Amino acid sequence: MFIKAAQEKDIAAGGMKAVTLEGRELVLCNCGGTFYAVERACGHANARLERGALTGWILTCPLHYAQFDVRSGEALSGPVPKAPDSAHADPADPALKTRGLKTWPVRSEGGHIYINITVR
Ligand code: FES
C-alpha cells in the first residue's frame, strides 16, 4: 500500500528529505526528478544519511563517506579510514562491515510522493 510521504516541490533535484512513515525512518532522494526511498541509517554505523551528499544515484554518508546506490541500496564502498592528521572526531571502526540499505518502491503522482512501505 502506497502512503503519501512528501510533496515533490519540497525536495529539490539532487536533494534529500528524511521522513518517518509508520515508525520507519526513511530518506527520500530526488535524482533528477526521479525519487527513491532508502533507510535513513547508514549501513556502516547508523549515521543519518540525509546529512550526506547525493550525486546522481550515489549517496555518500556524512560520517565516514561510505557510498550507496539509492536505486538498489547496494553498498558501493565502505568507510574511508581516518587520515593521521585529520581532525575528524569519529574514526571509522574497521571491524564494522558496511551493509546495503533497505529500499522501498516510490511513486510520484499529482505533485506528491508515495512510498510503499509494506514491501520488504
Ligand atoms: S556511519 Fe556511514 S560510513 Fe560510517
Side-chain angles (χ1 to χ4, degrees):
M1 179 176 74
F2 281 86
I3 297 174
K4 190 186 295 183
Q7 292 188 318
E8 290 182 19
K9 66 178 178 64
D10 293 339
I11 311 171
M16 297 183 277
K17 178 182 176 74
V19 297
T20 300
L21 289 178
E22 304 211 351
R24 293 192 173 115
E25 293 188 88
L26 318 172
V27 175
L28 276 168
C29 304
N30 182 346
C31 301
T34 302
F35 294 88
Y36 297 91
V38 299
E39 66 180 295
R40 188 180 191 191
C42 177
H44 174 242
N46 301 321
R48 294 180 174 188
L49 289 172
E50 78 278 8
R51 296 179 182 170
L54 184 63
T55 305
W57 296 287
I58 299 175
L59 198 172
T60 302
C61 177
L63 194 52
H64 310 116
Y65 314 111
Q67 293 188 312
F68 304 90
D69 185 327
V70 299
R71 297 171 296 180
S72 63
E74 178 186 2
L76 302 174
S77 62
V80 175
K82 179 183 175 189
D85 59 346
S86 171
H88 199 288
D90 187 9
D93 181 345
L96 288 176
K97 302 277 187 209
T98 302
R99 62 173 173 73
L101 306 174
K102 292 178 191 165
T103 62
W104 290 270
V106 176
R107 192 170 74 199
S108 297
E109 197 174 291
H112 297 283
I113 303 166
Y114 299 84
I115 301 174
N116 186 348
I117 62 166
T118 57
V119 175
R120 301 197 184 194

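First listed ligand is number 1; within each ligand, the first listed atom is number 1. This is a predicted model, so every value here is computed, not measured.
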inquiry  = When you measure from the centre of the six-membered ring of Tyr36, is the NZ or CZ of Arg71 closer than 6.0 Å and no more than 45° off the axis?
reply    =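 No, cation not above the ring by the 6.0 Å, 45° rule.
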inquiry  = Please determine whether salt bridge (Lys or Arg N to Asp or Glu O under 4.0 Å) holds for the pair Arg40 and Glu25, giving the CA-CA distance in whole Å, both sets of side-chain angles, and the decisive distance to 0.1 Å.
reply    = CA-CA 6 Å; Arg40 188 180 191 191; Glu25 293 188 88; 2.6 Å; yes
Suppose I only count heavy atoms of [X] and a 4.0 Å limit; which atoms of ligand 1 are within that range?
| X | result |
| --- | --- |
| Ala47 | 1 (S) |
| Ala45 | 1 (S) |
| Ala66 | 3 (S) |

request  = Select one of side chain, backbone, both or neither to describe which atoms of Cys42 lie under 4.0 Å from any atom of ligand 1, heavy atoms only.
outcome  =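 The answer is the side chain of Cys42.
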task = Check each heavy atom of Cys61 against ligand 1 and say whether those closer than 4.0 Å belong to the side chain, the backbone, both or neither.
result =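 Cys61 to ligand 1: side-chain contact only, backbone stays beyond 4.0 Å.
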query = Within His44, is some N, O or S atom less than 2.8 Å away from atom 2 (Fe) of ligand 1?
reply =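 Here the distance criterion (N, O or S atom, under 2.8 Å) is not met by His44, so no.
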task = Identify which one of Ile113, Val70, Ile115 satisfies the side chain to side chain contact (heavy atoms under 4.5 Å, CB included) criterion when paired with Phe35.
result =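 Per the side chain to side chain contact (heavy atoms under 4.5 Å, CB included) rule, the option paired with Phe35 is Ile113, out of Ile113, Val70, Ile115.
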task = With rounding to the nearest 0.5 Å, note down the distance linking CZ in Phe68 to CG in Leu101.
result =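 So the gap between those two atoms works out to 4.5 Å.
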message = Which atom name would you report as the N, O or S atom of His64 nearest atom 4 (Fe) of ligand 1?
response =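 Of all N, O or S atoms belonging to His64, ND1 is the one nearest atom 4 (Fe) of ligand 1.
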task = Step by step, work out the side-chain contact (heavy atoms from CB on, under 4.5 Å) result for Ile117 and Ile3.
result = CA-CA 8 Å; Ile117 62 166; Ile3 297 174; 3.9 Å; yes
request  = Take His64 and Val80, measure what side-chain contact (heavy atoms from CB on, under 4.5 Å) needs, and give me the verdict at the end.
outcome  = CA-CA 6 Å; His64 310 116; Val80 175; 5.9 Å; no
